[in-house]
S.K.: 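Structure provided below as structure tokens; questions to follow.
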Amino acid sequence: MDFAFSAQHEQVRETVARFAAEQLAPLVPAAEEGEAFPRELFRQWADLGLLGVRYPEADGGAGFDKISDCIVREEMSRVCQAFSSSWSAHTHLALWPIWRAGTAGQKARYFAPGLAGEKIGGFGLSEPDGGSDVRSMKTRAEKVEGGWRLNGAKLYITNAPIADFLVVAARTKPEPTSDAISLFIVDLPNAGFDIHKLKKDGIRASETGLIHIADAFVPDEALLGGTVGTYSIVLESLSENRVGVAANCLGMARGAFDAALSFASTRMVRGKPVLNYQAIAHKLADMAADIEAAKWMVYYGAWRVDQGTIDAVTASKVKLVASETAVRVTEQAVRILGGAGIMQEYPVARFHRDSLVYVIGEGTSEIQRNIISRDLGARL
């Protein structure tokens with residue numbers, strides 16, 4: 001067993017950590033206050049090869065592995081989860097299905113410019129009534145002459161207000177079976193897509209939308225891979241992305257811990273730093289242990305992805321542990337800072353708000369527990 005990161009992994013971490021500190025951090029206050037994502041970041045990410053970190057060099061990517069992908073997520077989320085969320089929605093949720101199952105024409109039209117930061121993508125899966133239950137999807141696609149007609153709604157879609165295209169899941173058969181859901185690549189703007197930007201208390205600088213879809217026409221070439229019934233691509237994408245999201249959670253926990261430790265080391269009470277009071281020291285000790293445990297869960301999951309052995313249950317365990325750790329650690333960081341913890345001068349309240357998104361998004365903690373429980377023989 002080898003628990004060491006490679007020299008390449010350490011180089012990726014150093015590069016992304018420096019970029020996050022020097023380029024991302026100065027943008028955070030204005031982006032959070034205005035709830036607006038700075039679009040120029042996509043070009044900067046492309047220049048560093050960060051949009052293609054997960055994809056082979058032969059396809060225009062950087063040729064790195066899932067461990068590198070998680071390192072990028074962790075280091076960016078350590079500074080700003082909202083930026084990392086928009087990055088993830090584009091480079092994985094939007095581009096991965098196209099890379100995995102798209103036609104040559106679709107890859108040339110969306111994947112290549114997506115890697116270059118020339119087009120921004122998003123993934124339209126969640127719905128107002130369906131939540132985490134993908135098979136209850138109500139958005140429908142009806143075959144018409146020359147293409148398809150889409151009707152329905154999508155909710156909490158990251159990047160929707162700024163996207164140039166969306167990969168949209170829709171029901172192409174009425175039966176609740178795995179081959180009844182297909183993916184479509186929709187260019188924006190589209191006359192049938194009415195996108196409303198949502199105001200949020202978490203990941204504020206990542207723009208999120210509610211989409212009403214009414215008689216939206218898309219041509220035949222919009223059908224991903226030219227094939228109906230691509231639900232399996234959704235499942236593959238979710239399993240791998242749950243490991244990635246866990247890395248985001250790890251980054252938030254680390255960011256909050258760093259801020260709490262720095263504050264506790266310098267905040268003086270009765271002539272000594274509060275770090276020297278056992279109540280505070282024990283909080284930080286628990287936080288450090290939780291982060292270490294989550295770290296190795298995350299990178300074990302990433303290793304399993306790279307080995308081609310990741311499964312839904314393992315991905316759920318990784319995501320559950322990391323997301324719940326992020327909530328606990330960020331809350332304790334707020335408590336350690338006391339009154340300062342809810343001041344915008346410090347990042348811990350933002351980390352806590354953002355961490356709450358991930359016990360809900362990408363499958364709630366309850367959904368993850370259901371998946372794990374079924375593997376243990378429970379009939380839920």
S.K.: A side-chain contact here means heavy atoms from C-beta on lying under 4.5 Å apart; do P273 and S265 qualify?
M.R.: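 No - every pair of side-chain heavy atoms lies 4.5 Å or more apart.
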S.K.: Sorted by first residue and then second, give each ring-ring contact (aromatic ring centres under 6.0 Å, His included) pair with at least one member in residues 241-261; sequence neighbours left out.
M.R.: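 Of all non-adjacent pairs touching residues 241-261, none passes ring-ring contact (aromatic ring centres under 6.0 Å, His included).
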S.K.: Other residues, nucleotides and ligands only: do more than 12 of their heavy atoms fall within 6.0 Å of CZ on R149?
M.R.: yes
S.K.: Measuring from E240:CD to L235:CG, what's the distance to the nearest 0.5 Å?
M.R.: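 CG of L235 is found 13.5 Å from CD of E240.
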S.K.: Does N241 reach the main-chain N or O of G244 with its side chain, forming a donor-acceptor pair under 3.5 Å?
M.R.: no
S.K.: Within the side chain of D375, is there an N or O that forms a donor-acceptor pair under 3.5 Å with the backbone of V313?
M.R.: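 A pair under 3.5 Å: no.
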S.K.: Answer yes when K143 and D220 have at least one side-chain N-carboxylate O distance shorter than 4.0 Å, and no when they do not.
M.R.: yes
S.K.: Please tell me if the side chains of L150 and V218 come closer than 4.5 Å, counting only heavy atoms from C-beta onward.
M.R.: yes
S.K.: Ignoring hydrogens and angles, tell me if any N or O in the side chain of S239 forms a donor-acceptor pair with the backbone of A315 under 3.5 Å.
M.R.: no
S.K.: Stepwise, does the salt bridge (Lys or Arg N to Asp or Glu O under 4.0 Å) test hold for K319 with E362?
M.R.: CA-CA 9 Å; K319 198 264 184 180; E362 302 293 333; over 6 Å; no
S.K.: Test of understanding: clusters of I, L, V, M, F, W, Y form through side-chain heavy atoms closer than 4.5 Å, transitively. Do L224 and Y55 belong to the same one?
M.R.: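 Yes, it is one cluster - the side chains of L224 and Y55 are joined through contacts under 4.5 Å.
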S.K.: Kindly work out whether a path of hydrophobic side-chain contacts (I/L/V/M/F/W/Y, heavy atoms less than 4.5 Å apart) joins V12 to W45.
M.R.: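 In one cluster: yes.
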S.K.: Does a side chain donor of either S68 or Q8 reach within less than 3.5 Å of an acceptor in the other side chain?
M.R.: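 Side-chain D/A pair, S68 to Q8: absent.
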S.K.: Taking the ring centre of each residue, are Y299 and F3 less than 6.0 Å apart?
M.R.: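 Ring centroids of Y299 and F3 are no less than 6.0 Å from each other.
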S.K.: Under 4.5 Å between side-chain heavy atoms, counting indirect links through other Ile/Leu/Val/Met/Phe/Trp/Tyr residues: same cluster for I336 and L261 or not?
M.R.: yes
S.K.: Atom OH of residue position Y156 - does it have more than 12 heavy atoms of other residues, nucleotides or ligands inside 6.0 Å?
M.R.: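 For Y156, atom OH is not crowded (no more than 12 foreign heavy atoms under 6.0 Å).
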S.K.: Quick check on Q11: does its CD atom have over 12 non-hydrogen neighbours (other residues, nucleotides or ligands) under 6.0 Å away?
M.R.: no
S.K.: On the ring face of F64, is R54 found with NZ or CZ under 6.0 Å from the centre and within 45° of the axis?
M.R.: no
S.K.: Does S77 reach the main-chain N or O of R73 with its side chain, forming a donor-acceptor pair under 3.5 Å?
M.R.: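 Answer holds: yes.
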S.K.: Could you grab the distance from atom CG of L125 to atom CG of L166, nearest 0.5 Å is fine?
M.R.: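 Atom-to-atom, L125:CG and L166:CG are 12.0 Å apart.
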S.K.: Just one of D69, V298, L250 clears the side chain to side chain contact (heavy atoms under 4.5 Å, CB included) bar with E74, so which one?
M.R.: L250
S.K.: Compare all side-chain heavy atoms of F83 with those of M76 and state whether any distance is below 4.5 angstrom.
M.R.: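 F83 vs M76: side chains apart.
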S.K.: Rounded to the nearest 0.5 Å, what separation is found between the CG atom of L50 and the CD atom of Q44?
M.R.: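 Rounded to the nearest 0.5 Å, the CG-CD separation comes out at 10.5 Å.
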S.K.: Is it true that E221 and R109 have a side-chain N and a carboxylate O under 4.0 angstrom from each other?
M.R.: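 No, this pair does not count.
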S.K.: Checking side-chain polar atoms at under 3.5 Å, does S86 have a donor or acceptor matched by the opposite partner on N159?
M.R.: yes
S.K.: Do the charged groups of E127 and K138 touch, with an N to O distance under 4.0 Å?
M.R.: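 No, no charged N to carboxylate O under 4.0 Å.
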S.K.: Main chain of G225, side chain of Q106: is a donor-acceptor contact present, judged purely on distance under 3.5 Å?
M.R.: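 Answer holds: yes.
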S.K.: For residues 337-357, which residue pairs qualify under side chain to side chain donor-acceptor pair (under 3.5 Å), counting only residues two or more places apart or in two chains?
M.R.: T330-H352, T330-S355
S.K.: So, taking the atom named OG in S316 and the one named CZ in R374, what distance separates them when rounded to the nearest 0.5 Å?
M.R.: 9.5 Å
S.K.: What distance do N151 atom CG and H212 atom NE2 have between them, rounded to the nearest 0.5 Å?
M.R.: 13.0 Å
S.K.: Taking E207 for its side chain and A160 for its backbone only, find out whether a donor-acceptor pair lies under 3.5 Å.
M.R.: no
S.K.: Do I291 and M297 sit in one hydrophobic cluster, given that two such residues count as connected whenever their side-chain heavy atoms are within less than 4.5 Å of each other, even indirectly?
M.R.: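 Linked, I291 and M297 end up in one cluster.
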S.K.: Mark yes or no for whether T158, through its side chain, and A89, through its backbone, hold a donor-acceptor pair below 3.5 Å.
M.R.: no
S.K.: Any non-hydrogen side-chain atom of K154 less than 4.5 Å from a side-chain atom of I213?
M.R.: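 Of all side-chain heavy-atom pairs linking I213 with K154, at least one is under 4.5 Å.
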S.K.: Quick one: do L198 and L93 end up in the same hydrophobic cluster if we chain Ile, Leu, Val, Met, Phe, Trp and Tyr together by side-chain heavy atoms under 4.5 Å apart?
M.R.: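 No, it is not one cluster - the side chains of L198 and L93 are not joined through contacts under 4.5 Å.
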S.K.: Do S182 and T230 have side-chain N/O donor and acceptor atoms under 3.5 Å apart?
M.R.: no
S.K.: Does M252 reach the side chain of V329, with side-chain heavy atoms less than 4.5 Å apart?
M.R.: no
S.K.: Donor-acceptor check, side chain of K119 to backbone of A112, threshold 3.5 angstrom: yes or no?
M.R.: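 Checked: no pair found.
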S.K.: Check whether H90 reaches the backbone of G122 with its side chain - one donor and one acceptor, N or O, closer than 3.5 Å.
M.R.: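 Pair absent, no side-chain N/O of H90 close to backbone of G122.
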S.K.: Taking the six-membered ring for Trp, are the ring centroids of W148 and F184 within less than 6.0 Å of each other?
M.R.: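 Yes, they do, as the ring centres are separated by less than 6.0 Å.
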S.K.: Evaluate the salt bridge (Lys or Arg N to Asp or Glu O under 4.0 Å) criterion for residues D286 and R328: first the C-alpha distance (whole Å), next the side-chain angles of each, then the deciding distance (0.1 Å), finally the verdict.
M.R.: CA-CA 10 Å; D286 286 342; R328 286 196 305 273; over 6 Å; no
S.K.: Can you tell me how far the CD1 atom of I233 sits from the CH2 atom of W99, to the nearest 0.5 Å?
M.R.: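 It is 10.0 Å, given to the nearest 0.5 Å.
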S.K.: Have Y110 and D187 got a donor and an acceptor in their side chains that come within less than 3.5 Å?
M.R.: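 Note: Y110 and D187 side chains meet the donor-acceptor criterion.
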S.K.: So, does R267 use its side chain to make a donor-acceptor pair with the main chain of V274 at under 3.5 Å?
M.R.: no
S.K.: Should R78 and E75 count as an ion pair when the cut-off is N to O under 4.0 Å?
M.R.: yes
S.K.: Evaluate whether atom NZ of K197 has more than 12 neighbouring non-hydrogen atoms of other residues, nucleotides or ligands under 6.0 angstrom away.
M.R.: yes
S.K.: Can you tell me if CD on E40 sees more than 12 non-hydrogen neighbours from other groups inside 6.0 Å?
M.R.: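 Correct, the count exceeds 12.
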S.K.: Is the F42 ring parallel, tilted or perpendicular to the F37 ring (thresholds 30°, 60°)?
M.R.: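 Ring orientation, 0 to 90° scale: tilted.
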S.K.: Listing request: all side chain to side chain donor-acceptor pair (under 3.5 Å) pairs with a residue in residues 17-39, at least two apart in sequence or in separate chains.
M.R.: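 Listed once each, the pairs are E35-K199.
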